[in-house]
Number of protein chains: 2
Amino acid sequence: MKIGELARLAGTNVETIRYYERDGLLPVPARSEGNYRIYGDSHVQRLSFIRRCRGLVMTLDEIRVLLHFKESPQENCADVNRLLDRHIGHVAHRMQELQELERQLKDLRERCGEARDAAHCGILDGLSQAFVPGGKTASHVQGTHRHAANRNLAKGNQGNQV
Amino acid sequence: MKIGELARLAGTNVETIRYYERDGLLPVPARSEGNYRIYGDSHVQRLSFIRRCRGLVMTLDEIRVLLHFKESPQENCADVNRLLDRHIGHVAHRMQELQELERQLKDLRERCGEARDAAHCGILDGLSQAFVPGGKTASHVQGTHRHAANRNLAKGNQGNQV
DNA sequence: TAGAAACCCTTGAGTGACTACAGAGTCAAG
DNA sequence: CTTGACTCTGTAGTCACTCAAGGGTTTCTA
């Protein structure tokens, strides 16, 4: 099959497939006479695996580790477990941060019930004072502002994220 | 004061300040004889405002709107309220996504209790099957994977996020 | 069989909000 | 006068794509 069909089957778009190939996540496929990439079932499997992992907001590097284990069935999978545990930790951590963030934002929102002139807006006042903005962040799960073009995965944003 | 002191006072780093200047968030400051940027209290105020907003995971564009209102005290602040409401919505949405994500990851993790060979790892098995990876994402709040160098704000990642 | 439409190719740039680095200049202390 | 801390500009890198230009190939329809 050609790249367009692979894209449809795996729910990706074509540029992403070519990007994964450049990035070494997908093997370089055969080419047709007209220089078109030619794929088979194994590519569908592998790409689907990658997209499912991305749907779980793993980084491409994490996915690389998982792919390595898929290809080395005799190895011990303890690293897979560790990777997933760490990833779950990231997600949990990010959720805590967001909860704190939500609390702060709601606090702030309550400072200005109705519209008035900006000089007396409680929100702007609040933002001008030094309330403490939580702590540090060290996870990799992202994505609240995302405007367009997310086709069918929980990408959240262009980086990777939990 | 010079840029280093401003950075310390506002809890930013120096490159970020220059970046904000290029990006139009901070006014172009005066220069010393030796071509050093010279800042005053108003810069500290403004930069701190920006960093507090960033701590609440607002985008630089959102912050630009807020700065505009701070500078136009006679205008009606209804847009400020709207902006914050939308932002809170983004955060809430992202939290729901993360909850779903956590559920899926924990499901997956339970498939492989202890280490064995990768050929029989329930996690790799699970990732190879077609469980549905949630829905689309359209927020802008990010950040679970973030590895280093987050100094003192809830950045989460390099994009912006809720 | 011609032409159009749909598909594919490569290359390069753009996204957001920084971060890092190279190579040079400035300044204060010892 | 040297050392080291600080600053300057400019450029490239981050992450995971996404988009567009400018061309070639294949397939469908008239």
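Here is how names work: the chains are called A, B, and so on, in the same order as the sequence lines, proteins then strands, and each is numbered from 1.
- The existence of a salt bridge linking B:Glu62 and B:Arg86 is excluded, since no basic side-chain nitrogen approaches an acidic carboxylate oxygen closer than 4.0 Å.
- For B:Asn13, the side-chain atoms get nearest to C:dT19 when compared with the rest of C:dT19, D:dT7, D:dA16.
- Taking atom CD1 of residue A:Ile17 and atom P of nucleotide D:dC17, one finds them 12 Å apart after rounding to whole Å.
- Between B:His87 and A:Leu105, the shortest heavy-atom distance links the atoms CD2-CD1, 3.4 Å.
- Residue B:Glu5 contributes atom CD, which lies 12 Å from atom P of D:dC6 at whole-angstrom precision.
- Closest heavy-atom contact between B:Gly24 and B:Arg64: C-NH1, 4.5 Å.
- In this structure, of C:dC18, D:dT18, D:dA16, it is C:dC18 that holds the atom nearest to the side chain of B:Thr16.
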*nucleotides 23-30 of chain C: protein proximity per nucleotide (B base, S sugar-phosphate only, - neither; heavy atom, under 4.0 Å)*: --BBS---
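- Both A:Met58 and A:Met95 are part of a single hydrophobic cluster, where members link through side-chain heavy atoms under 4.5 Å apart.
- The distance from atom CE of B:Met1 to atom P of D:dC6 is 16 Å, rounded to the nearest whole Å.
- Atom P of nucleotide D:dC17 and atom CG of A:Leu47 are separated by 10 Å, given to the nearest angstrom.
- What separates CD1 of A:Ile38 from P of D:dT25 is a distance of 14 Å, to the nearest Å.
- Contacts of residues 19-26 of chain A with DNA chain D (heavy atom under 4.0 Å): A:Tyr19, A:Tyr20.
- Heavy atoms only, all atoms of each residue included: B:Leu47 and B:Ala10 are closest at CD2-CB, 3.4 Å.
- Listed pair B:Thr59 / C:dG16 fails the phosphate criterion, with no side-chain N or O lying under 4.0 Å from OP1 or OP2.
- Note on residues 38-48 of chain B: pairs passing salt bridge (Lys or Arg N to Asp or Glu O under 4.0 Å), not counting sequence neighbours, are B:Arg46-B:Glu71.
- Closest approach of B:Ile38 to B:Ser32, counting heavy atoms only: CG1-N, 3.6 Å.
- For the pair A:Arg64 CZ and D:dA16 C1', the interatomic distance rounds to 11 Å; values are reported in whole Å.
- No salt bridge links B:Arg18 with B:Glu21; every basic N to acidic carboxylate O contact stays at or beyond 4.0 Å.
- Taking side-chain N and O atoms only, B:Arg18 has no distance below 4.0 Å to OP1 or OP2 of D:dG10.
- In summary, of the residues considered (A:Arg54, A:Arg51, A:Arg52, A:His68), a side chain to side chain contact (heavy atoms under 4.5 Å, CB included) with A:Ile63 occurs for A:Arg54 alone.
- Residue B:Arg37 has a polar side-chain atom (N or O) positioned under 4.0 Å from OP1 or OP2 of D:dC8.
- One interatomic measurement links the two molecules: CD1 of B:Ile63 to P of C:dG16, which rounds to 13 Å at whole-angstrom precision.
- As rounded to whole Å, 12 Å separates atom C1' of C:dT10 from atom CD of A:Glu15.
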